[in-house]
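Along the sequence shown, the residues carry numbers beginning at 1. Just so you know, these numbers come straight off a predicted model, no measurement behind them.
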Amino acid sequence: FLAIAARKGLTVEAYDDAAAGTLDKNAAGKFAMTKVVLRPRVRFADDVDPATVSKMHAAAHENCFIAQSVRTEVSVEPGEL
């Protein structure tokens with residue numbers, strides 16, 4: 001996300017994430033992280049259109065190595081800082 005913001009010339013003043021995970025048994029009956037929800041809150045130096053921020057979160061998630069590598073469901077629910 002931060003790299004995308006930098007490429008767009010946007011200054012991020014604050015970035016915080018209230019991530020939460022669910023530990024449960026998977027299909028094999030083993031304990032595993034079965035779901036992770038990211039709740040990033042971002043404050044920019046200037047006003048940024050919420051639709052632009054939403055697209056940035058979607059692009060960051062789509063290109064995230066970890067989100068694309070793990071078997072756990074990972075979702076993003078952006079919040080405001």
Side-chain angles (χ1 to χ4, degrees):
F1 183 88
L2 298 175
I4 293 168
R7 283 195 300 271
K8 290 183 169 291
L10 301 173
T11 301
V12 175
E13 292 186 332
Y15 185 97
D16 184 38
D17 197 325
T22 301
L23 179 64
D24 203 349
K25 288 190 178 183
N26 62 17
K30 308 267 184 194
F31 277 106
M33 293 301 296
T34 58
K35 183 176 182 180
V36 174
V37 178
L38 306 176
R39 294 185 179 94
R41 294 181 300 260
V42 184
R43 185 175 67 234
F44 294 93
D46 299 310
D47 288 337
V48 180
D49 177 55
T52 298
V53 177
S54 181
K55 287 178 186 176
M56 291 169 59
H57 280 297
H61 182 63
E62 182 67 28
N63 291 291
C64 176
F65 176 78
I66 294 171
Q68 302 308 314
S69 299
V70 298
R71 296 181 191 179
T72 301
E73 174 188 346
V74 179
S75 62
V76 179
E77 299 173 354
E80 292 192 28
L81 185 63

Discussion item. Count I, L, V, M, F, W, Y as connected when their side-chain heavy atoms are under 4.5 Å apart, and connections chain through other members. Are I66 and V37 then in the same cluster?
Written reply: no
Worksheet entry | D46 and L10, any side-chain heavy atoms less than 4.5 Å apart | no
Worksheet item: Short question: side chain of T11, backbone of A45 - any donor-acceptor pair under 3.5 Å?
Response: no
Worksheet item: Are the side chains of P78 and V42 in touch, meaning some heavy atoms are under 4.5 Å apart?
Response: no
Worksheet item: What's the shortest heavy-atom distance between A67 and H61, and which atoms?
Response: CB-CE1, 3.7 Å
Discussion item. Please say yes or no: joined through hydrophobic side-chain contacts below 4.5 Å, possibly via intermediate residues, are I4 and Y15 part of one cluster?
Written reply: yes
Response to the item:
The reported gap from CG in L23 to OG1 in T72 (rounded to nearest 0.5 angstrom) is 10.0 Å
Fill in: Least distance between heavy atoms, A28 atom then N26 atom
N-OD1, 2.9 Å
Worksheet entry | Where A18 and R41 come nearest, the two heavy atoms and their spacing | CB-NH1, 3.6 Å
Practice prompt. Taking the side chain as every heavy atom from C-beta outward, state whether K55 and T52 have any atom pair closer than 4.5 Å.
Written response: no
Response to the item:
Here the pair of heavy atoms bringing K35 nearest to S75 is CE-OG, 4.4 Å
Discussion item. According to a hydrophobic-cluster definition based on side-chain heavy atoms being under 4.5 Å apart (Ile, Leu, Val, Met, Phe, Trp, Tyr only), do L2 and V53 belong together?
Written reply: yes
Practice prompt. Assign the ring pair F1 / H57 to parallel, tilted or perpendicular, where the plane angle (0 to 90°) is split at 30° and 60°.
Written response: parallel
Practice prompt. Report the distance from atom CG of N63 to atom CD of Q68, rounding to the nearest 0.5 Å.
Written response: 7.5 Å
Worksheet item: If you take all heavy atoms of D17 and A19, which pair is closest and at what distance?
Response: OD1-N, 3.2 Å
Worksheet item: So do V70 and M33 actually touch side chain to side chain, heavy atoms under 4.5 Å?
Response: no
